[in-house]
Amino acid sequence: MTEPLIFEHSRAGRYARAQAPNVRAELDLPPSLLRKSAPNLPEVSELQAVRHYTRLSQLNFSIDTHFYPLGSCTMKYNPRACNKLAMLPGLVDRHPLAPASHSQGFLQCMFELQEMLKSVTGMKAVSLTPMAGAQGELAGVLMIRAYHHARGDHHRNEILVPDAAHGTNPATATMCGMSVVELPTDADGDVDIAALEKAVGPNTAGIMLTNPSTVGVFERKIERIAKIVHAAGGLLYYDGANLNAILGKVRPGDMGFDVIHMNLHKIFARGRGGRGPGSGAVGVGERLKPFMPIPVVAQEEGKYRWLDERDLPQSIGRLSAFMGNAGVLLRAYVYMRMLGHDGMKRVAEFATLNANYLAARLKAAGFQLAYPGRRASHEFIITLKRLARDRGVTAMDVAKALLDYGYHAPTTYFPLLVPECLLIEPTETESKEALDGFIDAMCDIMERAVRDTEQLKGAPYTLPVRRLDDVRAARKLDVAWRPDSAA
Amino acid sequence: MTEPLIFEHSRAGRYARAQAPNVRAELDLPPSLLRKSAPNLPEVSELQAVRHYTRLSQLNFSIDTHFYPLGSCTMKYNPRACNKLAMLPGLVDRHPLAPASHSQGFLQCMFELQEMLKSVTGMKAVSLTPMAGAQGELAGVLMIRAYHHARGDHHRNEILVPDAAHGTNPATATMCGMSVVELPTDADGDVDIAALEKAVGPNTAGIMLTNPSTVGVFERKIERIAKIVHAAGGLLYYDGANLNAILGKVRPGDMGFDVIHMNLHKIFARGRGGRGPGSGAVGVGERLKPFMPIPVVAQEEGKYRWLDERDLPQSIGRLSAFMGNAGVLLRAYVYMRMLGHDGMKRVAEFATLNANYLAARLKAAGFQLAYPGRRASHEFIITLKRLARDRGVTAMDVAKALLDYGYHAPTTYFPLLVPECLLIEPTETESKEALDGFIDAMCDIMERAVRDTEQLKGAPYTLPVRRLDDVRAARKLDVAWRPDSAA
Amino acid sequence: MAFIPHTQGDISEMLAAIGAASINELFDEIPESLRVDDLPGIPEAIGEMEITRLMQARAAQDRGALCFIGAGAYEHHVPAAVWEITTRGEYYSAYTPYQAEASQGTLQLIYEYQSMMASLTGLDVSNASLYDGASAVAEAALMAVRANRRSKSRRILVPRTLSPVYTRVTSAIAGTQGISFERVDFDVATGTTPLAALSEWEGEDITALVIPQPGFLGCLEDVDALTDWAHAHGALVIAVVNPLSLALLRPPGEWGQAGADIACGEGQPLGVPLSSGGPYFGFMTTRMAHVRQMPGRIVGRTEDLDGKPGFTLTLQAREQHIRRSKATSNICTNQGLMVTAATIYMSLLGAEGLARVAAASHANTRQLADALCTVPGVDRAFATPCFHETVLKLDRPVAPVLKGLAEHDILGGFDLSADYPELGHAMLVCATETKTAEDIASYGRALSTVLKQLKVA
Amino acid sequence: MAFIPHTQGDISEMLAAIGAASINELFDEIPESLRVDDLPGIPEAIGEMEITRLMQARAAQDRGALCFIGAGAYEHHVPAAVWEITTRGEYYSAYTPYQAEASQGTLQLIYEYQSMMASLTGLDVSNASLYDGASAVAEAALMAVRANRRSKSRRILVPRTLSPVYTRVTSAIAGTQGISFERVDFDVATGTTPLAALSEWEGEDITALVIPQPGFLGCLEDVDALTDWAHAHGALVIAVVNPLSLALLRPPGEWGQAGADIACGEGQPLGVPLSSGGPYFGFMTTRMAHVRQMPGRIVGRTEDLDGKPGFTLTLQAREQHIRRSKATSNICTNQGLMVTAATIYMSLLGAEGLARVAAASHANTRQLADALCTVPGVDRAFATPCFHETVLKLDRPVAPVLKGLAEHDILGGFDLSADYPELGHAMLVCATETKTAEDIASYGRALSTVLKQLKVA
Ligand SMILES: Cc1ncc(COP(=O)(O)O)c(C=O)c1O
Ligand SMILES: Cc1ncc(COP(=O)(O)O)c(C=O)c1O
């Protein structure tokens with residue numbers, strides 16, 4: 001099945017008439033301000049729009065239809081209740097600037113969410129406003145910067161980042177006007193301590209770490225690292241994308257981190273709509289409290305209200321027009337309440353069980369683990385470098401082949417330091433049967449890679465399209481349909 | 001894509017824990033009353049259930065994904081608002097026995113719906129309770145029976161039904177203890193008047209007609225028919241499944257009908273969920289008013305209340321435990337308000353335009369219309385008897401072939417009097433492009449039927465399954481999965 | 001033109017292809033004398049925005065009461081997943097799966113549903129739904145008459161413990177085919193049907209006996225004795241059951257020596273919202289021996305041309321579209337969407353989840369009765385075991401008490417005095433798993449306030 | 001274990017395969033000293049039924065006010081179809097389309113979205129969304145610095161008519177990279193940015209000029225003059241626009257002689273509910289010449305191995321996952337679901353529907369202002385043409401008036417006195433197409449009541 005562009009369904013003069021006022025009101029505007037020709041929006045009936053976008057939806061893999069072990073992305077089940085309850089009338093139609101008198105229900109949820117996140121992370125205060133992990137990182141590094149500036153340490157402008165780190169870490173440091181110092185990862189997947197000791201110094205603003213790290217192992221020397229960085233006057237930033245793996249087992253605050261972001265859209269599952277929205281709530285230790293991004297909810301005599309620049313004059317400020325992705329936060333709140341404290345611990349336990357099981361079984365089947373001596377956290381890496389060398393079959397080939405089995409591919413080519421890698425994260429909500437099916441598919445692919453290499457490299461065969469030409473996409477850039485580009 | 005049975009996903013001990021109380025309360029019941037072993041229900045997680053039923057849904061054709069010209073079924077667009085508004089809290093959670101003090105919002109909708117249906121049909125009163133067309137028919141024939149009985153005419157036990165009638169008509173007559181007298185259809189698709197004149201008599205209870213009829217033409221002699229039946233002491237029943245075709249153009253009440261049912265789930269579009277629910281509201285003329293099924297909503301001094309057996313002592317009684325398919329009725333109410341009077345007329349106009357266009361184009365392309373001399377109403381019939389004779393390609397073969405083009409097949413082999421027929425109803429919500437695409441597919445199929453008959457007869461090829469063995473289904477009856485039947 | 005996609009250009013081209021000058025010309029076969037040109041009773045069209053606001057206002061009028069009414073419709077928690085999936089366009093906007101290859105999703109789902117209902121009721125085969133519980137009893141009665149070839153009497157015994165409205169609906173629907181529905185009395189002391197009440201028909205030709213479990217008064221019947229009595233008299237047994245209760249109670253297929261022959265009832269408790277009384281769905285299961293007498297659609301598993309398993313409608317020769325006046329029933333459109341919801345609901349809950357919901361409802365109703373019986377003037381009517389409904393007796397007429405409670409936004413129960421005058425001032429109450437201890441306590445408080453006020457008045 | 005499917009048997013088998021004695025053992029690399037074993041601040045788990053009731057109660061607390069606040073978030077009718085489709089599992093539970101072949105639905109939708117936004121703004125290319133309108137302006141500023149190679153100054157002019165909160169967000173996000181944001185004053189008589197206000201920078205090296213249309217005070221700017229001034233000074237033009245207004249107003253691509261260079265803003269008016277402020281989405285479009293400086297994802301149309309058209313993420317070398325510290329932005333997760341909703345919204349409404357919504361909002365705001373200005377003590381602040389927001393001046397402080405209105409369940413507007421003290425007692429009001437004549441009249445009545453009461457007090 002393929003589906004034409006919505007523009008190809010267009011005929012002049014059509015639209016969903018029940019959805020707009022039945023007359024066009026007169027304008028009290030000078031003609032010079034008005035547009036001369038109508039924009040090229042689709043002209044379709046309500047049925048045509050519904051049918052088109054329903055059909056398009058079916059051309060997607062998703063959690064609700066497929067196992068989706070995309071490493072670092074924590075593609076777990078999003079309880080339907082989270083969506084439904086966040087969209088209740090009263091919540092979904094509340095104006096962001098409604099006065100406190102008309103906001104107590106919402107504010108109470110946000111306050112309790114802040115409190116729960118504090119307790120999960122061991123941090124001292126939480127601001128919910130960042131709108132994704134990367135914006136949480138931005139908030140965090142800006143706070144680190146503000147902290148040093150407040151102490152007159154204007155020269156502290158270096159952020160240490162392990163080479164395995166997610167791309168948002170170095171990109172964020174740059175956005176905050178910092179320079180990035182890359183740290184090597186040792187053969188076991190831990191930070192190279194000697195290199196770290198060499199790297200720290202008077203210009204060190206801080207370090208950005210995720211633990212468990214993006215190579216899927218727990219950084220065992222975390223206390224040592226904290227000591228080294230703190231001793232050098234730097235602060236520790238925790239990239240909470242992987243917090244899922246350690247919920248209720250160990251807390252970033254206890255590891256020595258000064259600031260943390262949490263990808264609530266991963267950990268506290270919520271619909272990500274093909275690429276967001278997210279939430280990157282930040283937690284801080286005592287030192288960074290004055291610098292938190294605003295607004296933050298406070299409770300005073302049983303009433304809730306927003307704290308703003310008047311309450312937090314040293315704040316790094318606002319990162320969004322209102323208070324961030326409220327709807328995502330409501331979904332996280334609902335999910336956390338449904339998990340409860342025991343449920344949260346189980347998230348970590350079963351995410352870890354699933355990852356270690358999958359790793360053990362794949363290893364037994366002949367796949368090469370990137371860090372075979374280590375426990376997997378909630379995710380792990382296999383490297384296909386032997387297959388690539390011997391057969392010319394790459395990680396990308398295996399990823400595409402998996403699609404034909406009805407499995408979304410794991411993350412490919414990240415982290416960059418492991419050649420031909422697949423970063424696999426099954427998550428706790430998948431059953432053993434789902435994992436076993438995936439293992440069978442991997443073994444079958446491996447066998448086909450040897451038996452019929454060329455056939456395998458042509459995968460996928462059963463999807464709406466075969467392998468797409470990315471080079472052509474970038475070279476013959478076609479990023480918008482125009483009436484004159486119609487066939 | 002195929003999907004295992006939900007039972008094949010089962011593992012002992014699993015269920016969606018967030019959906020049930022977290023303990024099993026103790027029972028105060030004697031053990032002799034309790035079941036000894038648990039029923040074989042699926043044991044799956046919430047994700048597994050969601051994934052399974054989401055995947056199953058994708059194995060369906062539907063209005064929201066496909067053109068669906070199923071004659072007599074009026075498969076038109078169901079505005080999403082109808083569903084959303086019928087499921088508003090306050091409506092979706094209202095107990096059917098809630099007192100009038102807590103029901104005024106709902107009752108007002110129902111009252112206004114009754115009034116609108118009166119005006120659309122020209123009838124004098126409306127009862128909303130029948131739960132589908134067939135139950136509306138039952139109500140209608142029971143009222144006819146009650147009317148005759150009330151007059152002491154206990155011998156009137158014959159119901160006249162044209163041979164083209166929908167199966168529910170004769171089946172209903174039987175269910176009401178009537179005997180069925182079949183009337184032939186003439187070559188133009190009208191009722192054979194001579195045969196009618198012969199058929200009526202002192203035992204005639206009434207006649208069941210649909211107009212436009214199930215052969216897709218308007219019964220031109222309807223006034224004559226009404227006169228003949230009424231003169232014989234019989235009453236006229238209108239099967240309102242085809243009311244869509246004449247909304248705002250002509251009213252059953254004006255044609256002389258004494259009672260009518262309306263398939264609200266077709267005319268006033270609402271989701272039919274793969275086979276229902278429906279609604280078969282009935283309208284009556286003055287004579288049958290006392291016999292209407294209860295309950296009916298009345299307005300008294302600005303308040304609404306249910307009329308019951310005390311108000312309508314001659315009522316044929318209740319046909320459901322409460323008041324019928326309230327949710328379907330709410331959807332119809334919303335839809336009618338969105339159409340308004342002009343919109344209703346347009347329903348008939350464009351349903352008729354689409355049918356006549358499709359008929360004209362197919363005829364021009366060489367297809368044989370069953371009633372070529374007639375205007376199509378909202379639907380029309382083509383017969384493939386020549387193709388069946390010359391090539392052995394049946395209406396069923398063409399129907400199956402259409403599926404491969406992404407079109408649901410028209411109704412096949414109904415009405416029975418037209419050999420190898422397809423009853424085609426495009427509905428007013430389909431665009432000219434959709435019709436043109438269908439015409440192209442039909443022409444292509446016709447060409448293939450000649451060029452490559454066997455290949456065509458093997459269709460469909462692109463669906464989740466190929467043609468299914470219905471004979472085997474009936475012979476080796478497998479209508480329920482059991483643990484011991486597992487592969 | 002809301003929902004109509006035609007452009008002016010389309011209309012002209014289409015009329016040209018037809019050879020008509022105007023759309024109106026297409027109606028030229030309708031006699032002039034009958035034509036209308038306006039629909040005076042229909043208001044102007046309003047947009048989705050306006051109707052949304054209107055419906056929100058209407059809905060708000062009826063909101064917010066705490067409901068302890070059962071009497072055939074039960075408030076249960078419905079998981080969000082149920083209706084989010086059920087209303088997916090592919091389920092919501094499809095129709096009867098006449099083209100099986102294009103409807104495998106719906107057909108497989110019905111097959112799964114049939115399997116679940118068969119197992120829940122302990123019988124072999126289920127149909128794909130009937131309209132509702134009441135009409136299902138009528139269909140079961142008609143089916144029993146067809147299925148019980150040995151009985152010639154067309155007499156069906158209907159206990160007074162069957163819901164009075166079910167009894168009325170059964171007569172209305174099935175009453176014109178020469179069947180005599182005969183009422184079996186109940187024991188005012190136990191709220192159940194004693195075997196002794198059947199002595200009147202001892203030794204007669206009885207076609208079928210209806211056995212409700214639980215009875216309308218909430219009490220659990222001695223289904224074994226009743227079933228065996230019926231079978232001993234050559235009568236079929238029609239079990240009328242609450243499907244949720246079957247998570248706990250012995251299924252009809254295991255009643256007595258031989259089990260009930262037909263089970264039917266209201267499917268609403270399985271994931272269908274209260275929704276003012278409908279759409280719900282009637283279910284029906286039976287033994288394989290009677291499958292050809294079943295009304296309604298049935299889905300079977302079969303194979304395709306390549307031998308691959310698939311699903312299709314089967315045994316259609318029973319149905320109106322084939323058999324016409326000789327069909328087992330006139331039913332055509334059924335309550336499919338509700339079956340979709342129920343199937344998802346049962347899959348989510350499983351046997352254990354269903355048992356917990358049932359047990360919590362049972363326990364809550366007990367607690368409710370305990371709490372209310374501490375109010376002076378309120379008493380239990382029966383000591384018989386019950387599922388999740390029970391009868392309370394008041395020391396004064398029920399109607400004004402319920403009215404008083406409604407003013408406190410509490411819908412206190414169902415007034416039994418019209419249907420069961422011999423019980424005096426009796427009302428039926430129900431507390432499902434949705435009711436908290438605090439809800440029950442508020443009912444208790446409101447009841448004692450109301451009773452005090454009424455005394456004063 | 002809610003949401004966890006493992007049976008006891010599964011757990012044992014899995015541990016055996018791993019070679020671990022217990023799940024806890026899997027955490028043995030975590031230093032003992034750091035382990036916790038409890039989460040004291042987290043309450044017990046509650047079921048979906050309980051959380052549903054809780055959230056309904058919370059939602060009910062905040063319901064029912066009539067809202068005339070705009071100030072960056074606008075209440076519009078959102079067709080039911082938008083969110084029923086957007087929340088379909090296949091959209092809702094997917095992630096970034098890294099595997100293009102398995103995400104053609106999402107990718108094609110984004111391509112369609114990009115096409116719509118490009119046309120709406122009159123520019124060539126759109127990204128796939130940024131976080132929100134405010135942060136989009138920050139990204140646009142950073143982009144302008146990269147794109148304007150001729151300018152060395154890193155000076156960006158920001159009019160006071162840009163939303164004050166957008167200005168603050170822009171500084172917070174983009175303020176650490178040596179960019180100087182310089183404020184351009186506005187004319188208190190017209191509520192707009194006069195050309196004269198730019199004279200201060202005459203002849204200087206300016207990197208970019210931000211032009212909001214409409215301005216935060218609702219008034220429409222002379223975008224042609226401002227654009228031409230900027231281009232004459234070698235500065236790029238960053239248009240900050242309400243996308244709904246572009247159904248009526250001249251698009252940024254056609255401003256002045258050469259058109260704006262970057263357009264961005266808040267996408268919320270296009271089918272996204274108010275939802276307490278988010279998730280919304282920021283949009284951004286630009287000329288093809290600057291595409292490599294754009295932040296965010298971009299989808300392109302290409303071909304597959306068989307030459308069939310298909311869609312994929314393109315120009316990824318701009319992004320953080322490839323370019324790391326040299327990326328155009330750190331953005332990774334964006335607001336995709338909102339883009340899905342907006343794309344469906346725009347498809348339903350089309351150009352004509354959008355124009356009607358925009359025109360109705362414009363007309364309603366005029367009527368609102370007319371109605372309120374009949375109340376003594378209330379006056380229009382400006383005579384300048386506006387889109388759908390306007391400033392009213394009161395004869396006394398705004399805050400207590402708004403508070404009084406809130407007691408009548410009317411959210412009367414946005415108090416401007418903190419951000420624009422020179423306007424006196426000024427508030428910004430907005431009436432979109434959702435407001436009826438009766439709504440406007442009730443506001444008028446409530447306002448006169450409140451003003452009378454406050455006088456008395
Ligand atoms: C390890 C890690 N850090 C940071 C991020 C960035 O988070 P977001 O995509 O929410 O901006 C991600 C997201 O993929 C991640 O996996
Ligand atoms: C002409 C006609 N009459 C009656 C009916 C029966 O209506 P229902 O299916 O709602 O019972 C139908 C339904 O298909 C029909 O097409």
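All chains are named by letter (A, B, ...) in the order of the sequence lines, taking the proteins before the strands, and each is independently numbered beginning at 1. Below, all heavy atoms of this structure are taken into account, side chains as well, without hydrogens, waters or symmetry copies.
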K.L.:
For the pair Glu352(D) and Arg24(A), find out whether any cationic side-chain nitrogen is under 4.0 Å from an anionic carboxylate oxygen.
P.N.:
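Salt bridge: yes.
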K.L.:
Would you check if the side chain of Tyr68(A) reaches a backbone N or O of Tyr95(D) as a donor-acceptor pair within less than 3.5 Å?
P.N.:
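Flag set: sc Tyr68(A) to bb Tyr95(D) pair under 3.5 Å.
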K.L.:
When you measure from the side chain of His341(A) to the backbone N and O of Gly41(D), does any donor-acceptor pair fall under 3.5 Å?
P.N.:
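Checked: no pair found.
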K.L.:
Need one label for Ala173(A): side chain, backbone, both or neither, based on atoms under 4.5 Å from any heavy atom in chain D.
P.N.:
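Contact with chain D is absent: no heavy atom of Ala173(A) under 4.5 Å.
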K.L.:
Only counting residues at least two apart or in another chain, list the ones meeting salt bridge (Lys or Arg N to Asp or Glu O under 4.0 Å) with Asp28(D).
P.N.:
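Applying salt bridge (Lys or Arg N to Asp or Glu O under 4.0 Å) to Asp28(D) gives Arg375(A).
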K.L.:
Check each atom of Leu142(D) against the heavy atoms of chain A and say whether the ones under 4.5 Å are side chain, backbone, both or neither.
P.N.:
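When you check distances to chain A, only side chain atoms of Leu142(D) fall under 4.5 Å.
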K.L.:
Quick one: what part of Ile23(D) sits under 4.5 Å from any heavy atom of chain A, side chain, backbone, both or neither?
P.N.:
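Only the side chain of Ile23(D) comes within 4.5 Å of chain A.
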K.L.:
If I measure from the heavy atoms of chain A, does Val299(D) come under 4.5 Å with its side chain, its backbone, both, or neither?
P.N.:
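The backbone, not the side chain.
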K.L.:
Measuring heavy-atom distances to chain D, does Ile6(A) have an atom under 4.5 Å in its side chain, in its backbone, in both, or in neither?
P.N.:
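When you check distances to chain D, atoms from both the backbone and side chain of Ile6(A) fall under 4.5 Å.
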K.L.:
Top residue by heavy-atom pair count (under 4.5 Å) with chain D, among Glu43(A), Glu115(A), Met344(A), Met323(A)?
P.N.:
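Of the candidates given, the most pairs with chain D belong to Met344(A).
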K.L.:
Just by modelled atom types, is the Leu59(A) backbone N or O under 3.5 Å from a matching donor or acceptor in the Gln104(D) side chain?
P.N.:
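Looks like no, no N/O pair under 3.5 Å.
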K.L.:
Report yes or no: does Asn330(D) contribute a side-chain atom to a donor-acceptor pair with the main-chain N or O of Ala134(A) at less than 3.5 Å?
P.N.:
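Pair found, side chain donor or acceptor close to backbone of Ala134(A).
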K.L.:
Only pairs of heavy atoms separated by less than 4.5 Å count here; which of Ala38(A), Ser431(A), Ser320(A) has the most with chain D?
P.N.:
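Sorted descending by pairs with chain D, the first entry is Ser320(A).
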K.L.:
Need one label for Ile30(D): side chain, backbone, both or neither, based on atoms under 4.5 Å from any heavy atom in chain A.
P.N.:
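Both the backbone and the side chain of Ile30(D) come within 4.5 Å of chain A.
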K.L.:
Does Gln104(A) offer a backbone N or O that forms a donor-acceptor pair with the side chain of Asp62(D) under 3.5 Å?
P.N.:
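It does hold such a pair.
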K.L.:
Could you look at Thr411(A) and say if it's the side chain, the backbone, both or neither that has a heavy atom under 4.5 Å from chain D?
P.N.:
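Neither part; nothing is under 4.5 Å.
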K.L.:
Looking at Glu266(D), Glu433(D), Met55(D), which one has more heavy-atom pairs under 4.5 Å with chain A than the rest?
P.N.:
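Of the options given, most contacts go to Met55(D).
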K.L.:
Under a 3.5 Å distance rule, please check whether Ser325(D) uses its side chain to pair with a backbone N or O of Pro170(A) as donor and acceptor.
P.N.:
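Not a single qualifying donor-acceptor pair exists.
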K.L.:
Is Glu29(D) paired with Arg374(A) through a side-chain N to carboxylate O contact shorter than 4.0 Å?
P.N.:
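Between Glu29(D) and Arg374(A) there is a salt bridge, with a charged N closer than 4.0 Å to a carboxylate O.
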K.L.:
Identify whether the distance between the nearest side-chain nitrogen and carboxylate oxygen of Glu101(D) and Arg467(A) falls below 4.0 Å.
P.N.:
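The answer is no: the pair does not qualify as a salt bridge.
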K.L.:
When only pairs under 4.5 Å are counted, which of Gln19(A), His95(A), Met131(A) shares the most heavy-atom pairs with chain D?
P.N.:
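When all of Gln19(A), His95(A), Met131(A) are compared, His95(A) has the most.
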K.L.:
So what's closer than 4.5 Å to chain A heavy atoms on Leu305(D): side chain, backbone, both or neither?
P.N.:
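The answer is both parts of Leu305(D).
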K.L.:
Is it the case that the ring center of His321(D) lies less than 6.0 angstrom away from the ring center of Phe414(A)?
P.N.:
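Ring centres of His321(D) and Phe414(A) not closer than 6.0 Å.
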K.L.:
Contact part of Asn263(A) toward chain D, heavy-atom cut-off under 4.5 Å: side chain, backbone, both or neither?
P.N.:
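For Asn263(A), there is no contact with chain D at all, as no heavy atom is under 4.5 Å.
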K.L.:
Just give me the residue among Thr412(A), Thr352(A), Asp254(A), Val180(A) that pairs up with chain D most often, heavy atom to heavy atom, under 4.5 Å.
P.N.:
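With the most close heavy-atom pairs to chain D, the winner is Thr352(A).
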K.L.:
Please answer whether the main-chain N or O of Asp28(A) pairs with a side-chain N or O of His362(D) as donor and acceptor at a distance below 3.5 Å.
P.N.:
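Between the backbone of Asp28(A) and the side chain of His362(D) there is a qualifying donor-acceptor contact (under 3.5 Å).
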K.L.:
Are the side chains of Asp64(A) and Tyr92(D) in touch, meaning some heavy atoms are under 4.5 Å apart?
P.N.:
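SC-SC contact between Asp64(A) and Tyr92(D) ruled out.
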K.L.:
Which bit of Ala327(D) is near chain A, if near means a heavy-atom gap under 4.5 Å: side chain, backbone, both or neither?
P.N.:
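The side chain, not the backbone.
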K.L.:
Heavy-atom pairs under 4.5 Å with chain A: which of Leu109(D), Asp38(D), Thr86(D), Val125(D) has the most?
P.N.:
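The option with the most such pairs is Leu109(D).
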K.L.:
Kindly determine whether Tyr111(D) and Asp478(A) satisfy side chain to side chain donor-acceptor pair (under 3.5 Å), including the steps that lead there.
P.N.:
CA-CA 9 Å; Tyr111(D) 177 86; Asp478(A) 172 359; 2.6 Å; yes
K.L.:
Checking His408(A) against chain D: side chain, backbone, both or neither under 4.5 Å from a heavy atom?
P.N.:
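Side chain only.
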K.L.:
Using non-hydrogen atoms and a 4.5 Å limit, figure out which bit of Asp469(A) sits close to chain D: side chain, backbone, both or neither.
P.N.:
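Both parts, backbone and side chain.
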K.L.:
Most heavy-atom pairs under 4.5 angstrom with chain A, which of Lys326(D), Met346(D), Arg88(D)?
P.N.:
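Top option by heavy-atom pairs under 4.5 Å: Arg88(D).
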K.L.:
For each of Pro31(D), Ala351(D), Ser347(D), Ser135(D), tally heavy-atom pairs with chain A at distances under 4.5 Å, and name the one with the top tally.
P.N.:
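Of Pro31(D), Ala351(D), Ser347(D), Ser135(D), Ser347(D) has the most heavy-atom pairs under 4.5 Å with chain A.
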K.L.:
What part of Asp124(D) gets closer than 4.5 Å to chain A, counting heavy atoms only: side chain, backbone, both or neither?
P.N.:
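Contact with chain A: backbone and side chain both.
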K.L.:
Are His6(D) and Glu428(A) linked by a side-chain donor-acceptor pair shorter than 3.5 Å?
P.N.:
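The answer is no; no qualifying pair exists.
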K.L.:
Given Glu223(A) and Ser33(D), is the side chain to side chain donor-acceptor pair (under 3.5 Å) satisfied, shown in steps?
P.N.:
CA-CA 10 Å; Glu223(A) 291 164 300; Ser33(D) 54; 3.0 Å; yes
K.L.:
Measure Ala247(D) against the heavy atoms of chain A and call it side chain, backbone, both or neither at under 4.5 Å.
P.N.:
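Looking at Ala247(D), just its backbone touches chain A.
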K.L.:
Measuring only between side-chain heavy atoms, which start at C-beta, is Asn325(A) closer than 4.5 Å to Gln335(D)?
P.N.:
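When only atoms from C-beta onward are counted, Gln335(D) and Asn325(A) do touch, with a gap below 4.5 Å.
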K.L.:
Is it the side chain or the backbone of Ile316(A) that comes within 4.5 Å of chain D heavy atoms, both, or neither?
P.N.:
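Contact with chain D involves the backbone of Ile316(A) alone.
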K.L.:
Return the option, out of Gln56(D), Glu254(D), Met116(D), Gln108(D), with the maximum number of heavy-atom pairs under 4.5 Å with chain A.
P.N.:
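If we count pairs closer than 4.5 Å to chain A, Gln108(D) comes out on top.
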K.L.:
Given a strict heavy-atom distance threshold of 4.5 Å, which part of Leu348(D) is in contact with chain A: side chain, backbone, both, or neither?
P.N.:
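The answer is both parts of Leu348(D).
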K.L.:
Side chain, backbone, both or neither: which part of Pro460(A) has a heavy atom under 4.5 Å from chain D?
P.N.:
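For Pro460(A), side-chain heavy atoms alone lie under 4.5 Å from chain D.
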K.L.:
Is Phe311(D) in contact with chain A via its backbone, its side chain, both, or neither, using a 4.5 Å heavy-atom distance?
P.N.:
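Backbone plus side chain of Phe311(D), per the 4.5 Å heavy-atom cut-off to chain A.
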K.L.:
Is Thr314(D) in contact with chain A via its backbone, its side chain, both, or neither, using a 4.5 Å heavy-atom distance?
P.N.:
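The side chain, not the backbone.
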K.L.:
Could you check Arg356(D) against Tyr15(A) for side chain to side chain donor-acceptor pair (under 3.5 Å), going step by step and ending with a plain yes or no?
P.N.:
CA-CA 11 Å; Arg356(D) 288 184 181 203; Tyr15(A) 68 98; 2.9 Å; yes
K.L.:
Tell me, out of Ser57(A), Ala25(A), Ser119(A), Gly340(A), who's got the most heavy-atom pairs with chain D below 4.5 Å.
P.N.:
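Top count of heavy-atom pairs under 4.5 Å with chain D: Ser57(A).
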K.L.:
If you define the side chain from C-beta out and look only at heavy atoms, does anything of His52(A) sit under 4.5 Å from Glu112(D)?
P.N.:
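Yes, side chains in contact.
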K.L.:
Measure Leu249(D) against the heavy atoms of chain A and call it side chain, backbone, both or neither at under 4.5 Å.
P.N.:
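For Leu249(D), heavy atoms of backbone and side chain both lie under 4.5 Å from chain A.
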K.L.:
Using non-hydrogen atoms and a 4.5 Å limit, figure out which bit of Ile322(D) sits close to chain A: side chain, backbone, both or neither.
P.N.:
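Contact with chain A is absent: no heavy atom of Ile322(D) under 4.5 Å.
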K.L.:
Checking the side chain of Ser115(D) only, and the main-chain atoms of Trp481(A) only, is there a donor and an acceptor separated by less than 3.5 Å?
P.N.:
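Flag set: sc Ser115(D) to bb Trp481(A) pair under 3.5 Å.
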K.L.:
Under a 4.5 Å heavy-atom cutoff, which of Gly310(D), Ala406(D), Ala360(D) has the most pairs with chain A?
P.N.:
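The candidate making the most pairs under 4.5 Å is Ala406(D).
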K.L.:
For Lys432(A) and Met14(D), indicate whether the former's side chain and the latter's backbone hold a donor-acceptor pair under 3.5 Å.
P.N.:
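Flag not set: sc Lys432(A) to bb Met14(D) has no pair under 3.5 Å.
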K.L.:
Passes side chain to side chain donor-acceptor pair (under 3.5 Å), Asn60(A) versus Thr106(D)? Steps please.
P.N.:
CA-CA 7 Å; Asn60(A) 275 348; Thr106(D) 288; 2.7 Å; yes
K.L.:
I'd like to know if the side chain of Gln177(D) reaches the main chain of Met175(A), judged simply by a donor and an acceptor atom lying under 3.5 Å from each other, with no hydrogens or angles considered.
P.N.:
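Yes; judged by distance alone, with no hydrogens or angles, the pair exists.
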K.L.:
Go through the atoms of Val165(D) and report whether side chain, backbone, both or neither lie under 4.5 Å from a heavy atom of chain A.
P.N.:
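Just its side chain gets close to chain A.
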